[in-house]
Each structure stands twice: as C-alpha cells, then as structure tokens.
Amino acid sequence: MHGDENGFLIGALVFLVAAVIAAPVSRRLGLSPIVGYLLAGVAIGPSGIAVFHQPERILTVAEIGVVLLLFVIGLELQLSRLFALRRAIFGLGTAQLLLSGLAIAILVRFGGAGFDWRAALVAGLALALSATSIALQLLNERNGLAQPYGQRSFAVLLFQDMAVVPLIALMPLLAPGMHENESLLAALGHVALVLAAVAVVVGAGRYLLTPLFQALARSGAPEAMTAAALLVVLGAGALMAAVGMSMALGAFLAGLLLSESSFRHELEANVDAFRGLLLALFFMGVGMSIDVGVVLGDAPRLIAGTLLVTLVKAVTIWGVFRASSDSPADAVRSASVLTSAGEFSFVLFPIALSLGLISTRQADMLAACAAMTMLLGPPVSIVAERLARRRDPPPELRAPDDFSDAHGAVLVVGFGRFGQIVSQCLLAEGFEVTIIDNDVEMIQNAARFGFRIYYGDGTRLDVLRAAGAERVRLIAICVDQRENADRIVDMVRANIPGARLHVRAYDRIHALSLRAKGVDYQIRETLESALTFGGASLRALGYEAERARDVVDHVRARDLDRLLRQEVEGIDAVPGRLAPEPLTAPAKTARPLNPEAEDVLNHETEFSS
C-alpha cells in the first residue's frame, strides 16, 4: 500500500517538475508550450526514463482537460453566435473532413505500409480530425477567436467533434463479416439514445442550473461553486459518454447552455485552473504514447508520412477556406491551426484495432504519426502566421465598413448606485459593457430592467480575466468598499499593467492613495453630487444660474488644487499656496467670491469628503 502511495507521489512530482520546466523552456525557444509538454511526455514515458509505464491511464484522466476546455469554449459562445455559424459548421466542416480524409486515405493506401482500402479510409478520416486543444490554444495566443477566420476554424472543430459519433458508428460497417441490418438497427437505437441524452442536458441547463447556482451564491461558500461547476461539466460529459458520444461534446453543450447565464464568468474562473493543468497532463500523455521503438524502426517512412499528412491536410484545408471566400492570409491561418491530428484519433485507432480493420503495428504507426503531427503543428503555425502577415492587405485597402475595432469593451466591477449610472452612460453610446457583481439579489432585480450582469467576485484575478479584463479598453471599478477597490487596483496593476483604470474613491484620503497607485482617473463618490446640490441651493436662494455655476466651478478648482498640494506634501499640507486663477465675473451681476468663504476654503480641516 505504501509503495503504491509513494509511486503516486513520485509520479505527481515528476509530472509537476516536467510541466514547470517544459512551458518556460518552449516559450524561451519561441515555441508553443504544447511542444514542450509533448517532448516532456516522451522523456518521462516508457520510451524515456519510464516513470510512467501506462500512458493510456494518464490519457484517460487527462482527457478531462479537453472536456473542461470545450466547456469554457461553450461558455464563451452564445446560441445566437452558434446559429450564425451554422453554415460554416456544416458546410466548411463537412467539406474539410471529407476532402482531407479522402486525400490522406489515398496517401496511406499507396504509401507502401500494407494498408487495404478499409484501413486506409479509417486512417484518413481519423487523421483528418484536428486537435481541438492545440488549435484553440494557438487561436487564444493570437486572439484568433475574435476574428472571422478563428470563428470559422472553430466551426470546423465543432463539426469534427460532432462527427466523432458517426465515425465510430461507421467502423462496424467497414469491418468484414458484419451484418448491415443489425448495424442499422443498432445505429437507429443509438441515435434515439443520443437525442434523449441531449434532451436531458438541455432541460437541466434551462430549468435547474441557474436556481442551483443562485442558491450556492447566497450560501457564500466559493468552494461549493467550484464543486458545482465541476459537477456540471463532468456530469454532462459522463452522460454523453454513456450514450456513445464524446465527453467533450457533452461539456460543450453544457457550456453553451450556460453562456447566457449570469454565472458565466464565475464558472469559467472556477474551472480554468483545472483546465490548464489537465491539458498539460493530456499533452504529456500523448507524448508518452509515442513508441520511440516504432518511430526509430521505420523512421524514414514515418517522418516522411507525417510531413506528407501535414502538407496534404494543410493544402486541402487552405483550398476549402479559399473556396468559401476567405482571404488568402486567413486561409493560411486556418490551415495552419487545423493541421495537427485530433485527440479523438487516439480513440478511433483502438476501436479499429479491436474490429480487425488495422493491425497492431499499423495502430502504433498511426498513433505515432498523429502524435508527431501534434508536435509539428505549433511550429507550422508560427511559420504560417509570418507568411500570412505578408499577405495581409495594407490598412488603406481593407474593407471600409469594418468597424470591429471602433468600440472596445468596458468592464464595470460593481453594480451599486454608482455603477448603475456609469453603465447607463456607456450603454447609451452603444459600448459593449461587461458588468460583474456578487450580489445575487441585485443581479435578479437589474435583469427586470434589461441590464445584463454576470455573477462574480471582482476581487479575484481569475474572475477579472474570465470577464475579459485583459482585452477591454477600460476597467471601471465602482465597488462600494474602499478595501475591495484597493485590492482590485493592486491586482490589476501587478498582473495587467497595460489596463486603463477608472476608480470610484471613497473619500479624500482614498483619492490620494489611488493617485499614488497610478490609476488613470479617480473621483470621490460624493464630490460632484454635492457640488450640484450646492449649485441648486444657491439658485434657490436667488442666485442667477450663471453666478451659481461660477461659484461651483471655483469650489471645484480649489478642491483640485488642494488635492494636488496634498499629493506632493501630504494630507497635512497647508492649503492656499496653489491658488487658482481668481473667479471671473462673466455677467454684470457677478461679484467676487465672499471673503469669508475664501477663508473657509483655505483653512479646511475636514479631509473625509
């Protein structure tokens, strides 16, 4: 027993050490961390120092990382956007899978490795699938999902995930000696079972999940929210897996159903840490599954085959995207991110082996080829991106009606009385505003008036990142508590140094503290409302509107001068040395400010306003 515990602990330590080393080294070499993880897997797997002897057990656990990745992607997509991509999903997706699969099948059939037409077709369709995790990682690194080519590439990936089930159902039909009638009946029963499972997931997502998360949010237990997020992801994935579909597709469906939920960003933040670690484990597991003996034993043919598969796949994908009116540069980008063989190829090859469609050696060679295309994918993408940039049209020749960058998003943290007014100003001008707050009652009440607010704790860096803090043009911190505002400012300044910060200040001392932290703009929550109140009071006492406005402007200017003086010399600095320009008299009825009032302004001792 103790030996097993020690073996598990040593394995975990080796995995963590490999992950810690692989990512920064690959970054240092200008490569994607995925390459580092694949090589690290080779090093610690059966073909290396053999810390792990059963890569398939590692991959079984690590596939949860792919599942979590698809869940997060589902959260970021909305049903309206998915409907808008329907032509790309079924048009581009079908064309890519069939053309790439047929081209690779022909290559494999006549490659001299003994593949008959059945085995070649299985190999072609399996290798035509693309690695969702690698493609999405590459798209995220260059912000590609926000661009048309990235969305169309994702549509192809989504179609491929949906196509896994038909491909699995196709294999028994290809196997020799199978009865087509029995297979057809089994396929019809399978379809009915899949539809029932989808209905369960949709019903639960529509009617049960939001009340569940509302109840957990009221409990104030963040660990319960994390557990619930994992339960939703793994539960939906397990249900789909039980009916023969991929767990990743089930998780994507769950994320898609929650994409309109107010808890979207909180859920994304809760699963993000698990996702990253498990994805690293998945790529290491892929690296471990590479049989170096098979690679070395038939290295020339395998290396040539990997290069040819990558080339054929890239050319066919480029042709499909060019035929659909993509620009040459975007077609190159799409082809580069979709060349790696998919994760589900490692699911299809064992099924084909068990049905007698391929031999054990062929299965090993195909798995090694798929893993090597994964290894080759990120460097190919880097080279292709450089080529695509050369083919991008100059700015003056781009479409004049492309205003995608005209209105950057704003992240508003806190939706109390202050945040509500700020949000109304931004929304009135058509800006896309993401609002997060951790008051469930406030979120429910605001929804009645058409506001879209997401549940999330703004003092957590992962929540801010999930809400898009690294992409927005402005972060408006409108929270009530001074401590929370300071904490958010400190986190953003330390981790997102380029962010533009506008902050609600609690009082004068807090305003000075925020200025010292280098925020771009701060304002005390009572200053402007009190000045407006004072101006209205002057008008009620018989002052003309213009005279009242001059007095308010003068008081505002003197307040700013005091603030600048105190910023330099401290809160106890003697006021009055940085006197503003004297109050002018724009109207005949105007007169100088009351000397007693000047004396009050110069000797103000209350600094809490």
Side-chain angles (χ1 to χ4, degrees), residues 72 75-81 146 209-211 213-214 216-218 220 222 225 229 255 257-270 272 406-489 491-492 495-496 499-506 514 519-523 525:
V72 172
L75 285 176
E76 295 178 350
L77 266 183
Q78 295 173 336
L79 287 171
S80 57
R81 290 179 61 194
L209 294 183
T210 297
F213 288 122
Q214 288 175 347
L216 293 175
R218 291 192 186 98
M225 290 288 288
L257 292 171
L258 289 170
S259 64
E260 304 287 347
S261 168
S262 299
F263 299 91
R264 163 185 162 189
H265 298 301
E266 180 79 4
L267 292 171
E268 183 177 349
N270 285 336
D272 197 58
H407 295 286
V410 179
L411 174 60
V412 175
V413 184
F415 197 66
R417 292 168 296 175
F418 193 94
Q420 291 171 22
I421 297 173
V422 172
S423 300
Q424 290 178 43
C425 296
L426 297 168
L427 292 170
E429 286 301 306
F431 284 93
E432 295 183 3
V433 181
T434 300
I435 308 170
I436 59 174
D437 199 288
N438 61 355
D439 187 335
V440 178
E441 301 296 335
M442 173 68 72
I443 293 173
Q444 290 177 328
N445 292 333
R448 300 172 188 169
F449 297 95
F451 284 99
R452 182 63 187 279
I453 311 174
Y454 297 100
Y455 176 85
D457 183 358
T459 62
R460 288 175 52 187
L461 180 61
D462 53 354
V463 171
L464 293 176
R465 281 177 165 160
E470 294 175 317
R471 301 186 298 272
V472 297
R473 291 173 56 185
L474 174 69
I475 301 176
I477 302 175
C478 305
V479 296
D480 296 328
Q481 295 82 12
R482 170 180 176 171
E483 295 78 10
N484 288 343
D486 286 339
R487 182 177 177 183
I488 297 171
V489 169
M491 282 194 310
V492 172
N495 297 279
I496 316 174
R500 185 174 182 84
L501 282 176
H502 284 203
V503 188
R504 169 190 184 181
Y506 176 73
L514 292 172
V519 303
D520 298 282
Y521 178 78
Q522 56 73 34
I523 188 169
E525 55 190 10

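Computed from heavy atoms alone, side chains included, the values below leave out hydrogens, waters and symmetry copies. Positions are given from 1, in the same order as the sequence printed here.
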For [X] and [Y], which heavy atoms make the closest approach, and how far apart are they?
X    : Y    : answer
G458 : M491 : O-CE, 4.1 Å
D437 : G416 : OD2-N, 4.2 Å
G414 : V479 : CA-CG1, 4.2 Å
A467 : I436 : CB-CG2, 4.1 Å

Pair R465-N495, side-chain contact (heavy atoms from CB on, under 4.5 Å): steps then yes or no: CA-CA 10 Å; R465 281 177 165 160; N495 297 279; 3.7 Å; yes
Main-chain N/O of F415 paired to Q420 side chain as donor or acceptor, under 3.5 Å: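 Checking the backbone N and O of F415 against the side chain of Q420, a donor-acceptor pair under 3.5 Å is found.
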When you measure from the side chain of D520 to the backbone of L501, do you find a donor-acceptor pair of N or O atoms at a distance under 3.5 Å? yes
Does the side-chain contact (heavy atoms from CB on, under 4.5 Å) test come out yes or no for I475 and V410, once each step is laid out? CA-CA 6 Å; I475 301 176; V410 179; over 6 Å; no
For V412 and C478, run side-chain contact (heavy atoms from CB on, under 4.5 Å): C-alpha distance rounded to whole Å, both residues' side-chain angles, the deciding distance at 0.1 Å, then the answer. CA-CA 7 Å; V412 175; C478 305; 4.2 Å; yes
State the CG-OG1 distance between L426 and T434, to the nearest 0.5 angstrom. 11.0 Å
I477: which of N484, V489, L411 passes side chain to side chain contact (heavy atoms under 4.5 Å, CB included):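 Exactly one option meets the side chain to side chain contact (heavy atoms under 4.5 Å, CB included) with I477, and it is V489.
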Passes side-chain contact (heavy atoms from CB on, under 4.5 Å), Q522 versus V519? Steps please. CA-CA 7 Å; Q522 56 73 34; V519 303; 4.1 Å; yes
Taking only residues two or more places apart in sequence or in another chain, which ones pass side-chain hydrogen bond (donor to acceptor under 3.5 Å, both in side chains) with E525? R504
R487: side chain to side chain contact (heavy atoms under 4.5 Å, CB included) partners, not counting sequence neighbours: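 Applying side chain to side chain contact (heavy atoms under 4.5 Å, CB included) to R487 gives T459.
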